[in-house]
2 protein chains.
Amino acid sequence: MTGIQEIARATGLSKSTVSRALRGLPSVSETTTRSVQRTAERLGYIPSSSAAGLATGRTRAIGVLVPVIDRWFYVKVLEGIDAQLRAAGYDLILYNLGGRGGDRERVFHRSILRKRVDALVVLCLVFDPGEREQLQAMEYPVIVVGGPGPGVRHMGIDDRKAGFAATSHLIELGHTAIAHIGGEDESGLNAAVPLERREGFIAALAAARIEARDEWIVNGGFVFEGGYRAMKELLSKPGPRPTAVFAASDEMAFGALAAIAQEGLSVPGDISVIGVDGHQNGEVLGLTTIRQNPYQQGVDATRVLLAELEGRGHTESFEPAPFDLVRRRSTGAPRPLDPEDSLDRVR
Amino acid sequence: MTGIQEIARATGLSKSTVSRALRGLPSVSETTTRSVQRTAERLGYIPSSSAAGLATGRTRAIGVLVPVIDRWFYVKVLEGIDAQLRAAGYDLILYNLGGRGGDRERVFHRSILRKRVDALVVLCLVFDPGEREQLQAMEYPVIVVGGPGPGVRHMGIDDRKAGFAATSHLIELGHTAIAHIGGEDESGLNAAVPLERREGFIAALAAARIEARDEWIVNGGFVFEGGYRAMKELLSKPGPRPTAVFAASDEMAFGALAAIAQEGLSVPGDISVIGVDGHQNGEVLGLTTIRQNPYQQGVDATRVLLAELEGRGHTESFEPAPFDLVRRRSTGAPRPLDPEDSLDRVR
DNA sequence: GTGAAAGCGCTAACAA
DNA sequence: TTGTTAGCGCTTTCAC
């Protein structure tokens with residue numbers, strides 16, 4: 001109802017001055033500013049973001065594109081982005097692909113490309129060439145968090161190194177029978193993350209001259225239940241049992257722990273488990289993990305975008321985000337094996 | 001770059017006709033419509049939501065206000081809202097209070113009340129009178145999902161009944177020593193949900209003439225770790241141990257299960273556990289629960305809002321959302337107690 | 001079925 | 001420091 005105009009009338013000033021005062025521009029006298037703000041308050045003035053957006057070409061909103069919402073990592077990054085945007089007075093528009101590849105095109109056209117947002121944070125998605133072209137054409141800042149893809153700058157940990165570090169930890173403990181619960185490329189999700197963590201796994205085994213067994217690399221889809229099923233699968237396979245498991249995410253590791261407990265096995269006595277992420281529940285559950293800080297990654301990515309929107313600098317590539325190994329009680333040395341077993345029997 | 005104007009020029013039509021054609025209004029000949037759409041495509045036309053918003057007063061965006069993001073229930077509701085909005089071509093603006101009560105005022109003023117959105121879905125928050133007044137003044141549709149508050153219509157399960165049902169299940173199994181892990185009013189969160197579930201708990205005990213023990217009602221803050229700590233606390237208390245626990249959310253129940261396992265106790269042998277929500281992980285973990293469908297609640301709430309925005313109907317109050325009891329292996333009859341114990345000893 | 005013209009509420013030169 | 005004057009890109013009467 002009340003627009004800038006009414007305030008102008010009420011204060012006897014011009015629209016422009018009111019506009020400036022409302023935005024706190026320095027070119028307005030303090031007296032005027034105060035008077036304007038008081039009247040605005042009194043009249044219950046509410047600015048129209050559409051009008052401002054139309055006039056400036058800026059929406060003061062940032063889009064966040066997520067593959068799915070229901071995942072610890074995404075939620076944490078989202079929290080970081082949100083905190084940063086809120087502090088800067090920007091709004092957050094959430095674009096969820098919802099796992100379905102189908103809607104992807106529509107999201108791209110209908111929403112993102114409608115000048116609704118000034119910039120875009122993308123979580124763990126790879127773009128096809130067409131999409132990249134469109135993004136480029138839009139000319140607004142884009143940044144990917146978590147998993148590199150071709151043609152777009154990205155921020156996140158080095159997943160290969162993370163996988164390597166996790167596996168090395170198990171090897172250093174003395175394990176040689178190590179399985180991997182990873183993920184495969186799900187519709188629209190970035191294939192890079194699971195792939196690189198697996199590569200790190202394989203590289204670490206190779207470096208220790210341990211042969212990777214194909215049947216010990218299973219898919220857990222990056223979710224709790226998937227980790228559970230994958231672990232069950234590993235345990236039900238004929239032949240020797242792995243003494244350690246590297247799960248590519250903590251959520252899958254939690255599932256694996258549940259499966260192991262359900263089979264009556266002990267951790268780390270029978271099987272050691274290590275995850276990746278640093279999920280807060282890992283503390284209670286005693287999960288050893290490669291910890292990263294997705295919240296901070298969200299914050300950092302947003303900072304970069306905001307800086308660019310304000311014309312201060314532009315960064316094309318970033319240092320990999322840090323990670324570290326958190327040793328807890330889910331990993332330990334493998335139980336002395338067959339030799340002792342036989343000894344026992346001999347006695 | 002390309003606006004409606006260029007298309008008008010390119011097709012030799014007027015801006016108005018192009019506008020109509022682009023929106024698929026019936027008052028335009030099919031030929032024209034097709035021609036316009038083709039040219040728009042060719043020119044890479046991207047509509048400006050600000051301009052449309054300014055002209056119509058509609059933003060085609062819905063705000064979603066959440067207390068925190070990092071909670072299963074909120075995420076599921078969010079998914080439901082998102083799916084529905086996407087289908088309707090609306091955008092979703094996420095307002096996260098991030099647990100902090102402090103930012104609340106800013107969120108209210110700076111963002112929500114900026115005509116950025118056409119309507120508002122609020123998750124589990126109660127408003128103070130001032131906020132309610134503002135919302136009313138805005139005159140746009142608002143609906144609360146999950147937990148009733150004064151002055152705003154709401155959609156969700158009857159939490160009191162849910163608490164009653166959960167507790168009754170334990171009582172029917174034969175339990176009389178029943179504890180409750182609930183939550184307290186956290187900054188800005190709706191006090192109603194934890195309170196009502198607890199009331200249901202107490203009512204069920206009363207109905208069975210079981211005395212509620214104050215020391216068996218503990219706070220788990222509605223998170224995994226809180227449930228874990230609360231359970232530890234219950235187990236470390238002097239005196240008799242409860243034989244069953246009603247956790248006000250599945251996430252807390254999972255924490256309780258972890259604590260019980262860590263203490264070397266068995267479920268349901270030593271302690272039965274029931275939760276509320278229907279979290280998917282409960283299936284794997286065998287958690288008995290009062291299942292509800294937050295996704296659907298999100299969908300329904302959004303439907304109501306969209307219907308109102310399109311001028312079809314207005315609903316002031318809703319049937320409570322459904323819930324049901326899912327029996328799994330975390331609940332069972334209590335172990336025959338002291339009497340047998342003594343008998344054993346006598347023999 | 002199409003066009004002309006008048007805004008929607010704000011910002012941003014340019015003057016004063 | 002303030003006011004004047006044009007728009008920003010679209011929608012929407014009202015004519016034709």
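Predicted model, so just to flag it, every value in this text is computed and none were measured. In what follows, every chain begins at residue 1, and chains take the letters A, B, ... in the order their sequences are listed.
Regarding A:L22, its CG atom lies at a distance of 15 Å from the P atom of C:dG9, rounded to whole Å. A:I46 places its CD1 atom 12 Å from the P atom of C:dG9, with the value rounded to the nearest Å. Here the C1' atom of nucleotide D:dG9 and the CZ atom of B:R58 are 19 Å apart, to the nearest Å. Per the geometry, CZ belonging to B:R20 stands 9 Å off P belonging to C:dT2, to the nearest Å. The NZ atom of B:K15 sits 13 Å away from the P atom of C:dG3 (whole-angstrom rounding). At whole-Å resolution of the value, CZ in B:R60 and C1' in D:dT11 are 14 Å apart. In this structure, A:R9 atom CZ and D:dG3 atom P are separated by 15 Å, rounded to whole Å. As rounded to whole Å, 20 Å separates atom P of C:dA16 from atom CG of A:L13.
Under a cut-off of 6.0 angstrom, the local environment of CD in A:E310 is crowded, with over 12 non-hydrogen atoms contributed by other residues, nucleotides or ligands. Enclosure of atom CD in A:E30 is not indicated, since only 12 or fewer non-hydrogen atoms of other residues, nucleotides or ligands lie within 6.0 angstrom.
With A:Y90 as the aromatic partner, A:R60 meets the cation-pi criteria of under 6.0 angstrom to the ring centre and within 45 degrees of the ring axis.
Distances shown here put a side-chain N or O of B:S19 below 4.0 Å from the OP1 or OP2 atom of D:dT11. At the phosphate of D:dT5, neither OP1 nor OP2 sits under 4.0 Å from any side-chain N or O atom of A:S16. Regarding contacts with the backbone of C:dG3, a side-chain N or O of B:S14 is found under 4.0 angstrom from either OP1 or OP2. Within the 4.0 Å cut-off from OP1 or OP2 of C:dC10, not a single side-chain nitrogen or oxygen of A:S48 is found. In this structure, A:R23 reaches the C:dA12 phosphate: one of its side-chain N or O atoms is under 4.0 Å from OP1 or OP2.
Remark: side-chain polar atoms of B:T17 are not paired, donor with acceptor, to backbone N or O of B:L13 under 3.5 angstrom.
In this structure, OG in B:S48 is found 5.5 Å from NZ in A:K115, a value given to the nearest 0.5 Å. Rounding to the nearest 0.5 Å gives a distance of 9.5 Å between CG of B:L43 and OG1 of B:T11.
Contacts of A:S29 with the nucleic acid, taken as non-hydrogen atoms under 4.0 Å apart, involve only primed sugar atoms and P, OP1 or OP2.
Between the side chains of B:T32 and B:S35, no donor-acceptor pair of N or O atoms lies under 3.5 Å.
Across the interface with DNA chain C, nearest-nucleotide mapping of B:P26 and B:A55 shows B:P26 to be the residue nearer the 5′ end. Two residues, A:T32 and A:L54, neighbour DNA chain D, and the one matched to the more 5' nucleotide by heavy-atom proximity is A:T32.
Note on the helix from C:dG1-D:dC16 to C:dA16-D:dT1: terminal axis deviation equals 20°, with five pairs used at each end and the result rounded to 10°.
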